[in-house]
2 protein chains.
Amino acid sequence: MAFIKPMQRHPANPLIQPCDVKPSGPGFLVQGAFNPAAVRFGDEILLLLRVAESCEGGEEEVAVPLMRFENGVGKPDVLRLAKSDPQVDLSDSRYVRYRGQTYLSTMSHLRLARSTDGIHFAVEERPFLSPADASESFGIEDARIVRIDDAFYINYTAVSGDSYATALVSTKDFRTMKRHGIIFPPQNKDVCLFPEKINGRYFALHRPWNSEFGQPSIWIAESHDLIHWGNHRCLLRPRVNGWEDERIGGGAPCIKTPKGWLQVYHGASAGHTYSLFTLLLDANDPSIILKRASSPLLEPCEQYETGGFFGKVVFTNGIVAHDDGRVSIYYGAADKSCCLAETTVEELLASLDR
Amino acid sequence: MAFIKPMQRHPANPLIQPCDVKPSGPGFLVQGAFNPAAVRFGDEILLLLRVAESCEGGEEEVAVPLMRFENGVGKPDVLRLAKSDPQVDLSDSRYVRYRGQTYLSTMSHLRLARSTDGIHFAVEERPFLSPADASESFGIEDARIVRIDDAFYINYTAVSGDSYATALVSTKDFRTMKRHGIIFPPQNKDVCLFPEKINGRYFALHRPWNSEFGQPSIWIAESHDLIHWGNHRCLLRPRVNGWEDERIGGGAPCIKTPKGWLQVYHGASAGHTYSLFTLLLDANDPSIILKRASSPLLEPCEQYETGGFFGKVVFTNGIVAHDDGRVSIYYGAADKSCCLAETTVEELLASLDR
């Protein structure tokens, strides 16, 4: 598939690869450094990567990394299973299924990467955020960052043997953090907080899983404090168009534009191909949809997007809108690396009419 | 199975049956009058029944009742499918599955029933609460009521083509109502609000569906206003004991006792048998489990519990604790009728030690 306007993939892609990231400890192998949150912090662009690590294991075994929490104290652990066991199902590279239970083949944490030009990043040597309690014992994934006044709110997916949900922390300096617990209960991910109050209320896009009466769709909710959420409403549903037939979910926090709130969301096809789409929400009431693009903004076509750990995926949860109208869309490619596509607010708005 | 202490089924069971309920309109057939919320209101005991209605249809068709909402205005509609169509799946009496979509075989609304003795109820002729927007287009189900000061808060399951979730309304007089929208997003039901603030916060039990990394469990959440919820934590998980292996969910709102908050929850076995269990939570922090009964308080064994619309079900979402220590547990039997079991706070607490 050819290059798709109005996005320019950066020639230095992928910007960050697993080999650029130091494992969090002995016995861990970095399989993915992807799906970065992105934010401007002083003179820097910060990415908060999802670093997915597997465990070293023998050739004939699969080693599942996880954390055990006892009395609030976490300890790394490994579940070792024989690949030859007929009850071990490895058909999806992301999962290990065994005796009716699902585990993750990798455990993720969040790692900071810093840059002054937005292209060359120095990845920190230690995790920024690691699983901190039993609700995170299978890992933490796919952060989003919004700045509100002088604080940065970071939400991410917390995964455990009790399901997956969205948790929130906040920081002012990217050194110390305050934990706010799970803000969207299972099964929920792809949460995008809006960066300011709108008519006196905070808003969030979120993606409750839906297995019974419909398909996984984007919902919107309201809050007075970013921690307690209510007035949940279904906002946007999948469409049968070959790109987003199966499920959709929010991307990075919305960008404020003169035309309304601009969202870049992802859709997944029946074949698990992930593409990106633009969506425009009303400036004064983001539960009102103004425009939805009819075709993708970005589809996986480069080798680093079609191959990788879980192929055919472009996924964004980190976008930086610059003062001059340029927009840097950081995105995860194939659950493996961090990439960049460059565009402008003008081009993104124009994509809604094509 | 023999009578199980410490519960006394009332000899007048079932107290309310489908034949006691007038259909909500022409063409509807009442299939179930069950799963009542219960509350004392002045000199009366009020039940808020779930009334499930099917549509009259030809012998060779299945008629799915639903509501269509356009510009906020709802209109009853019927989806008619040929029973002979191989794509029509009627294997579970509660559902109609067709071409990958799931519908409900009945549409539910909430109906008031009034009594002065708690045994003989007069069922009102008109619905108390009917589907009011697109999030309720497949019906509203399984209410719970708590009184806080002079207001009654009623939560219920809202079902639509966008999934199921828990919505909240409040009333002071059971005539006029205020809607507070969806408070727990999909897929979520079995919500029990606590009837007072505990250490400055409201609490709720809720049951997020869980299909990926564990089993459907009871969670606890916190709120300052009953409308916006956060700090979600997994509280209680299913156990492999033949009664609650598959999933559990909250029952009626907790009863305040000298020993702590007393909850009667339900568990479902692999064979979809629903039983009731007692649970004791800490008086000052209901996220702390003090005791969990090792065997059921009530199992389906009477004919009206084992037969019915969906058999082998006892399910409570309405309990009245009287001033003299007696407890009236109203419960739905087999998704068909309303029943009563009588006990005392003392007996319920003792059940936790057996």
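Given the structure is predicted, the values throughout are model-derived calculations rather than measurements. Order of the sequence lines sets the chain letters (A, B, ...), proteins ahead of strands, with each chain counted from 1.
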Item to complete: Measure B/Phe138 against the heavy atoms of chain A and call it side chain, backbone, both or neither at under 4.5 Å.
Response: side chain

Discussion item. For the CZ atom on B/Arg68, are there more than 12 heavy atoms of other groups (residues, nucleotides or ligands in this structure) within a distance under 6.0 Å?
Written reply: no

Worksheet item: Checking side-chain contact (heavy atoms from CB on, under 4.5 Å) for the pair A/Phe213/B/Val159: CA distance, chi angles, key distance, verdict?
Response: CA-CA 8 Å; A/Phe213 297 102; B/Val159 192; 3.7 Å; yes

Practice prompt. With chain B as the partner chain, list the residues of residues 177-185 of chain A whose heavy atoms fall under 4.5 Å from it, by residue number, and write 'none' if nothing qualifies.
Written response: A/Gly181, A/Ile182, A/Ile183, A/Phe184, A/Pro185

Worksheet item: Is it the side chain or the backbone of A/Ser163 that comes within 4.5 Å of chain B heavy atoms, both, or neither?
Response: both

Item to complete: Go through the atoms of A/Trp229 and report whether side chain, backbone, both or neither lie under 4.5 Å from a heavy atom of chain B.
Response: both

Worksheet item: Atom CG of B/Asn231 and atom CG of A/Leu168: how far apart are they, to the nearest 0.5 Å?
Response: 11.0 Å

Discussion item. Does any backbone or side-chain atom of A/Tyr95 lie under 4.5 Å from a heavy atom of chain B? Answer side chain, backbone, both or neither.
Written reply: side chain

Item to complete: Using a cut-off of under 4.5 Å on heavy-atom pairs, state which of A/Ser135, A/Ala221, A/Ser211 scores highest against chain B.
Response: A/Ser211

Discussion item. Can you confirm whether more than 12 heavy atoms, excluding those of B/Gln87, are under 6.0 Å from its CD atom?
Written reply: yes

Item to complete: Might you point out which heavy atoms bring A/Pro208 and B/Pro186 nearest each other, and give the distance in Å?
Response: CB-O, 3.1 Å

Practice prompt. Could you tell me which non-hydrogen atom of B/Asn210 sits nearest to which non-hydrogen atom of A/Asp162, and how far apart they are?
Written response: ND2-O, 3.5 Å

Worksheet, complete the sentence: Max heavy-atom pairs within cutoff under 4.5 Å with chain B, candidates A/Ala165, A/Ser160, A/Ser217, goes to A/Ser160

Worksheet, complete the sentence: Bottom line for B/Trp209: the part with an atom under 4.5 Å from chain A's heavy atoms is both

Response to the item:
When the 4.5 angstrom heavy-atom criterion is applied to A/Arg237 and chain B, the contacting part is side chain

Item to complete: Give, for atom CD of A/Gln187 and atom CG of B/Asn188, the distance between the pair rounded to the nearest 0.5 Å.
Response: 11.0 Å

Worksheet item: Is the side chain of B/Gln101 donor-acceptor paired with the backbone N or O of A/Gly214 at a distance under 3.5 Å, no angle test?
Response: no

Discussion item. What part of B/Glu212 gets within 4.5 angstrom of chain A, counting heavy atoms only: side chain, backbone, both, or neither?
Written reply: both

Item to complete: State the NE2-NE2 distance between A/His224 and B/His224, to the nearest 0.5 angstrom.
Response: 11.0 Å

